[in-house]
Chemist: 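Below is the structure I would like to discuss, written out as structure tokens.
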Amino acid sequence: MAMYKLAVSVSRSLLDDIHRCSLKKQTGVSLKHMMDFGSYPNENNLLYSAQFLHKELPVRLALRVIELENLPHGLSSKADVLKVRDWYVDSFKDLRNFPEIQDSKDELRFTELINEIKMRHNYVMQTMAVGIQELKKDLGRKQGLNELPEIHQFLDRFYMSRIGIRMLIGQHVALHAPNPPPGYVGLICTKVSPVTVAQNAIDDARSACMRTYGTSPDVHVYGDPNFTFARYVPTHLHHMVFELVKNSLRAVQERYMDSDHDCPPIRVVVADGLEDVTIKGRMPTCT
């Protein structure tokens with residue numbers, strides 16, 4: 001079982017290194033930069049990318065370790081939060097122990113390492129959720145989680161950071177794919193159809209609903225199937241729409257579970273503007 005304070009579970013030198021890296025400023029990387037750079041995944045570009053990640057990833061991981069170590073209301077001491085913290089410490093240590101990247105052989109070994117790190121963190125969200133549930137139990141009726149904005153702010157920062165770390169790793173790893181899908185630069189799609197992505201997410205959400213309840217409300221999509229936009233990560237959009245529709249399906253299904261009326265359909269609207277795209281779900285009015 002993980003120990004509460006990091007100072008008693010890691011060496012002094014490792015702890016000092018984590019603190020030093022946490023004081024550095026992380027480097028922002030835009031999707032445009034990643035796409036422009038990844039359009040030419042030659043040996044030199046991959047080497048440069050690996051060298052950048054070798055320096056950048058420890059900074060981002062260290063920031064999360066320090067934050068996980070100093071959470072309010074006893075959240076840092078929850079067993080599952082400690083488990084997540086230790087995953088971040090292990091990944092930080094693996095990166096810091098990796099030697100300087102000087103050639104393509106080093107770059108390939110480094111790519112294998114960061115892919116392993118990405119897999120190590122696959123269950124961070126689920127594990128953190130268990131820790132949050134434990135905190136809710138501790139708070140009981142005295143104080144709800146909604147009354148603790150600092151916890152919500154932490155979770156927003158934490159999950160946004162996780163998306164960034166996984167995007168940096170995933171993009172570098174994907175650039176090694178021998179046969180990338182047409183229209184993709186790593187994980188980034190150059191021609192995204194939001195209606196198509198939304199429909200795929202809806203199909204997945206309805207399948208999940210059927211596995212849970214044995215049936216599922218219908219979902220109607222409204223939008224131009226021919227509309228596309230450039231430079232986006234379809235998996236990110238899929239995840240957002242999936243969660244939106246999944247929650248709506250559950251609410252409608254449970255509302256009409258014992259009703260004599262059939263479940264009315266949910267509507268998902270994809271609206272394209274001059275500079276942005278809006279996707280919104282509309283649940284039926286309960287009667």
Side-chain angles (χ1 to χ4, degrees), residues 31 122-130 132-133 136 144-147 149 151-153 155-156 158-160 162-164 166-167 170 174 181-287:
L31 281 181
N122 279 348
Y123 298 101
V124 161
M125 292 182 67
Q126 298 91 323
T127 309
M128 279 296 299
V130 176
I132 296 296
Q133 288 298 322
K136 285 183 179 179
L145 204 59
N146 290 334
E147 300 172 35
I151 297 295
H152 286 284
Q153 290 164 7
L155 291 173
D156 287 344
F158 183 79
Y159 290 133
M160 284 298 293
R162 181 175 184 269
I163 290 171
R166 292 179 72 80
M167 181 64 200
Y184 275 77
V185 177
L187 299 178
I188 306 168
C189 184
T190 60
K191 196 175 182 181
V192 182
S193 166
V195 170
T196 299
V197 175
Q199 187 61 65
N200 291 336
I202 289 165
D203 293 342
D204 291 344
R206 293 192 72 236
S207 294
C209 185
M210 288 179 181
R211 288 195 298 271
T212 302
Y213 298 102
T215 185
S216 171
D218 289 331
V219 182
H220 297 164
V221 183
Y222 299 88
D224 182 1
N226 297 317
F227 168 71
T228 61
F229 61 92
R231 263 199 329 267
Y232 204 74
V233 184
T235 52
H236 291 177
L237 181 58
H238 181 283
H239 180 72
M240 289 185 281
V241 177
F242 174 83
E243 290 296 325
L244 171 71
V245 174
K246 181 189 72 174
N247 293 336
S248 299
L249 288 171
R250 181 175 65 242
V252 172
Q253 186 64 40
E254 292 182 356
R255 168 65 179 81
Y256 285 87
M257 189 176 295
D258 299 318
S259 172
D260 294 331
H261 301 283
D262 293 334
C263 290
I266 295 166
R267 293 190 289 175
V268 173
V269 179
V270 180
D272 54 291
L274 294 176
E275 297 182 351
D276 54 21
V277 178
T278 302
I279 299 178
K280 61 181 179 180
R282 184 173 182 181
M283 292 173 54
T285 304
C286 294
T287 57

Chemist: Rounded to the nearest 0.5 Å, what's the gap from CE on Met125 to CZ on Phe158? Could you check?
Modeler: 9.5 Å

Chemist: Within a reach of under 6.0 Å around OH of Tyr213, are more than 12 heavy atoms found that belong to other residues, nucleotides or ligands?
Modeler: yes

Chemist: As an exercise, state the distance from CG of Leu249 to CE of Met210, rounded to the nearest 0.5 Å.
Modeler: 9.0 Å

Chemist: Might you point out which heavy atoms bring Val197 and His238 nearest each other, and give the distance in Å?
Modeler: CG1-N, 3.6 Å

Chemist: Are the side chain of Thr190 and the backbone of Gly183 linked by a donor-acceptor contact shorter than 3.5 Å?
Modeler: yes

Chemist: Below 4.5 Å, heavy atoms only, C-beta onward: do Arg250 and Val245 meet side chain to side chain?
Modeler: no

Chemist: Is any side-chain heavy atom of Ser193 closer than 4.5 Å to a side-chain heavy atom of Phe229?
Modeler: no

Chemist: Looking at Pro194 and Val192, what are the two nearest heavy atoms and their distance?
Modeler: CD-O, 3.3 Å

Chemist: For atom CG of Asp262, is the number of surrounding heavy atoms from other residues, nucleotides or ligands below 6.0 Å larger than 12?
Modeler: no

Chemist: What distance separates Ile202 CD1 from Cys209 SG, expressed to the nearest 0.5 Å?
Modeler: 13.0 Å

Chemist: Can you label the angle between the His220 ring and the Tyr222 ring as parallel, tilted or perpendicular, going by 30° and 60°?
Modeler: perpendicular

Chemist: Can you find a pair of side-chain heavy atoms, one from Ile132 and one from Ile151, that are under 4.5 Å apart?
Modeler: yes

Chemist: Do Asn247 and Glu243 have a side chain donor and acceptor closer than 3.5 Å?
Modeler: no

Chemist: Using side-chain heavy atoms (C-beta onward) and a distance below 4.5 Å, is Val219 in contact with Val268?
Modeler: yes

Chemist: Does Met160 CE have over 12 foreign heavy atoms under 6.0 Å away?
Modeler: no

Chemist: Roughly how far, to the nearest 0.5 Å, is the OG1 atom of Thr196 from the NZ atom of Lys191?
Modeler: 11.0 Å

Chemist: Kindly indicate whether the side chain of Arg166, heavy atoms from C-beta on, has any atom under 4.5 Å from the side chain of Asn122.
Modeler: yes

Chemist: Apply the test side chain to side chain contact (heavy atoms under 4.5 Å, CB included) to residues Val269 and Ile279: give CA-CA distance (whole Å), side-chain angles for both, the deciding distance (0.1 Å), then the verdict.
Modeler: CA-CA 6 Å; Val269 179; Ile279 299 178; over 6 Å; no

Chemist: Is there a donor-acceptor pair under 3.5 Å between the side chain of Arg231 and the backbone N or O of Cys189?
Modeler: no

Chemist: Tell me, with the steps shown, if Met167 and Leu31 meet side chain to side chain contact (heavy atoms under 4.5 Å, CB included).
Modeler: CA-CA 10 Å; Met167 181 64 200; Leu31 281 181; 3.9 Å; yes

Chemist: With a 4.5 Å cut-off on side-chain heavy atoms, are Ser216 and Ser207 touching?
Modeler: no

Chemist: Rounded to the nearest 0.5 Å, how far apart are CD1 of Ile188 and NE2 of His236?
Modeler: 9.5 Å

Chemist: Just so I know, are the side chains of Lys280 and Arg267 near enough to count as touching, which here means a heavy-atom distance under 4.5 Å?
Modeler: no

Chemist: Got Tyr184 and Pro234 here, is their nearest side-chain heavy-atom distance under 4.5 Å?
Modeler: yes

Chemist: Closest approach of Leu187 and Gly170, non-hydrogen atoms and distance?
Modeler: CD1-C, 3.6 Å

Chemist: With salt bridge (Lys or Arg N to Asp or Glu O under 4.0 Å) as the test, would you mind laying out the steps for Lys246 and Asp204 before giving the verdict?
Modeler: CA-CA 9 Å; Lys246 181 189 72 174; Asp204 291 344; over 6 Å; no

